[in-house]
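First the structure, in the form of structure tokens, and then the observations on it.
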Amino acid sequence: MNATQIGWAGLLGSFALVVVAIALSFSQRLQLSRSMLWASARAAVQLLLVGFALRLVLDSNASVWWAWLWVVIMIGFAGFTIRSRAKEIPGIFLLGTLSMLTVVVVSLSVIFGFHVFPIEGRTIVPLAGMMIGNSMTACVLVGRRIVGELSEKRDEVEARLALGQSWQEASRPYVRSALRTALVPQIESTKAVGLVFLPGAMTGLVLAGVDAVNAVTVQLAIMYLILGSVATSVTVIGLGLTRRVFTPDHRMRSIARATE
Amino acid sequence: MGLTRIPAESAELLAFDGVSFVVDAEREILHEVNLSVAPAAVTVLAGPSGAGKSTLLRLGNRLDIPSAGSVRFRGEDSAAIDPRELRRRVGMVFQKPVPFAGSVRANLKVGAPLAGDEELAGTLERVGLEASMLDRVADDLSGGESQRMCIARTLLTQPEVILMDEPTSALDHENRLGIEHLAKELAQEGIGILWVSHDLSQVRRIADHAVVLIDGRNASAAETAAFLDQGMSEDKS
């Protein structure tokens, strides 16, 4: 057994820690024992299913199109997840899905265009997964922020419209602020990486026995990819959502009056 | 300022013709309201709270569009005019001053992006503010100063009509009289002012014409007289 193969016995061994957590919950009467057990079992089933499916997709003999199909499913699933986390925003499913699609197309074109990674199932799926996962969270954040900012500053936006500004001009200061808010955490985590925590991909590579510096270069490439992906997705969803808040004749729709 | 003056014989700059406004598909805020705004005069739109006065003003600036009827500017249906252009011709001043973040200069430039300091300073003086205020932070202005700055910002778009939605309701008595005086001056320069108020003593101070709105419709002659008389009796008491 090498560092990356823990086997079924290893998995069972790690479950001992869940047992500790359940025992703690029981002793402190937190009433979380059942939830913990359910969450652990569910995670195991979900991930094992994904693992077996990925084994088929990532098999070196399998067609690369299976990997692309996997990416399409991930994009659709991300759209649903964004909608379920921000139900109050109309049209968020389509915008979210479009945003994820844009991210995947732009980022993978760069990564594969510059031959940073080879075009294989084992690169397509995890790279797309990381981009979509990070962008999804940022999209929900920016969607909520834009609707919040525009409804909170409705007086100002309408005062700008009343002065003859177009909806693009009138909304710009507030959309800019929302986009900055969504991007700053990503920039901060990019700055802090290595000092505070060792990121997942690098940790995985080091555990798999890859040279530390090689692992760092892979991690850096992934982090740049994620930063670019988040910026792209946030901009797409931000501009798309703002467009929905206004009518073509430069009036502000009632969606943003929700807080009045 | 090079304001476009309309011919003296023109009786109305802005006209609301049988305007209705419905929200949530069933709640009628305005019902077939008629009103016209004459040039070089202060037309006061009076009425009790909740009568639909502010809603009517929003239709004039096209921040909302009527469910039925039409709004005409210089005889042309406002729906046929580019809303950005219409809003520069039919300016709007809101109930509470709405300063934007940044300096007074930055605020004024939203009304006229290409205007130089000389023009901006001249407009500040026109509304009774000192030219030296250009560098002040807009959020630091007092309520009266802020509302005057908002009027200056609107004037920089060179409007022919200014819709004023209870512009003095958040101000003290002295500032209230100052803004009223300013509105009268602007009217004398040829601008048509449509001023919303439910303060009847104010109506009597500034109105060249008064239109009363009750429950979202034009008040009858008898209702108008009764409403305005009520103001007279309140003033005497």
Side-chain angles (χ1 to χ4, degrees), chain A residues 87-91 142 144-184 238-260, chain B residues 23-25 54 57-66 78-102 106-113 115 138-139 146-147 149-159 161-165 167 170:
Chain A
K87 282 195 187 101
E88 71 279 14
I89 303 172
V142 82
R144 287 203 171 134
R145 186 79 195 181
I146 282 180
V147 169
E149 188 83 3
L150 289 178
S151 57
E152 196 179 305
K153 303 281 172 61
R154 187 181 181 96
D155 288 354
E156 287 187 29
V157 178
E158 289 203 319
R160 287 174 182 275
L161 291 172
L163 287 164
Q165 285 198 326
S166 64
W167 67 260
Q168 293 92 336
E169 292 168 313
S171 62
R172 191 168 295 140
Y174 315 102
V175 173
R176 194 177 283 158
S177 153
L179 293 183
R180 283 178 60 89
T181 306
L183 280 173
V184 164
L239 299 182
L241 191 57
T242 307
R243 194 184 183 88
R244 294 187 69 93
V245 173
F246 295 89
T247 63
D249 63 346
H250 308 277
R251 285 179 293 117
M252 199 167 171
R253 290 185 203 275
S254 57
I255 151 104
R257 288 186 195 176
T259 57
E260 275 187 1
Chain B
V23 291
D24 303 332
S54 298
L57 246 58
R58 290 175 61 85
L59 300 181
N61 188 258
R62 215 169 160 74
L63 288 175
D64 284 317
I65 52 172
S78 69
I81 305 171
D82 181 335
R84 290 166 296 179
E85 181 56 27
L86 177 80
R87 288 168 185 159
R88 297 180 74 80
R89 303 271 73 84
V90 183
M92 185 146 173
V93 174
F94 296 85
Q95 191 168 358
K96 280 196 327 202
V98 191
F100 306 138
N107 268 264
L108 297 182
K109 276 183 167 282
V110 175
D139 280 332
S146 192
Q147 192 62 296
M149 181 200 70
C150 291
I151 295 172
R153 207 168 58 187
T154 301
L155 283 174
L156 280 159
T157 67
Q158 307 199 344
V161 176
I162 302 182
L163 310 170
M164 301 182 112
D165 187 4

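Worth saying up front: this structure is predicted, and the values here are computed from it rather than measured. Here is the naming used below: chain letters follow the sequence lines, and residue numbers restart at 1 for every chain.
- Most heavy-atom pairs under 4.5 Å with chain A: of the set B:Met92, B:Arg88, B:Arg84, B:Arg62, this distinction falls to B:Arg84.
- Salt bridge absent: A:Asp155 and B:Lys96 never bring a charged side-chain N and a carboxylate O closer than 4.0 Å.
- Atom-to-atom distance recorded for A:Leu150:CG and A:Trp167:CH2 is 10.5 Å, nearest 0.5 angstrom.
- With a 6.0 Å cutoff to the six-membered ring centre and a 45° limit on the axis angle, A:Arg160 does not count as a cation-pi contact of A:Tyr174.
- Contact of B:Pro99 with chain A is made through the backbone alone, with heavy-atom distances under 4.5 Å.
- Using a 4.5 Å cut-off between heavy atoms, B:Leu163 makes no contact with chain A at all.
- Atoms OG1 and CE, on B:Thr154 and B:Met149 in that order, are 9.5 Å from each other to the nearest 0.5 Å.
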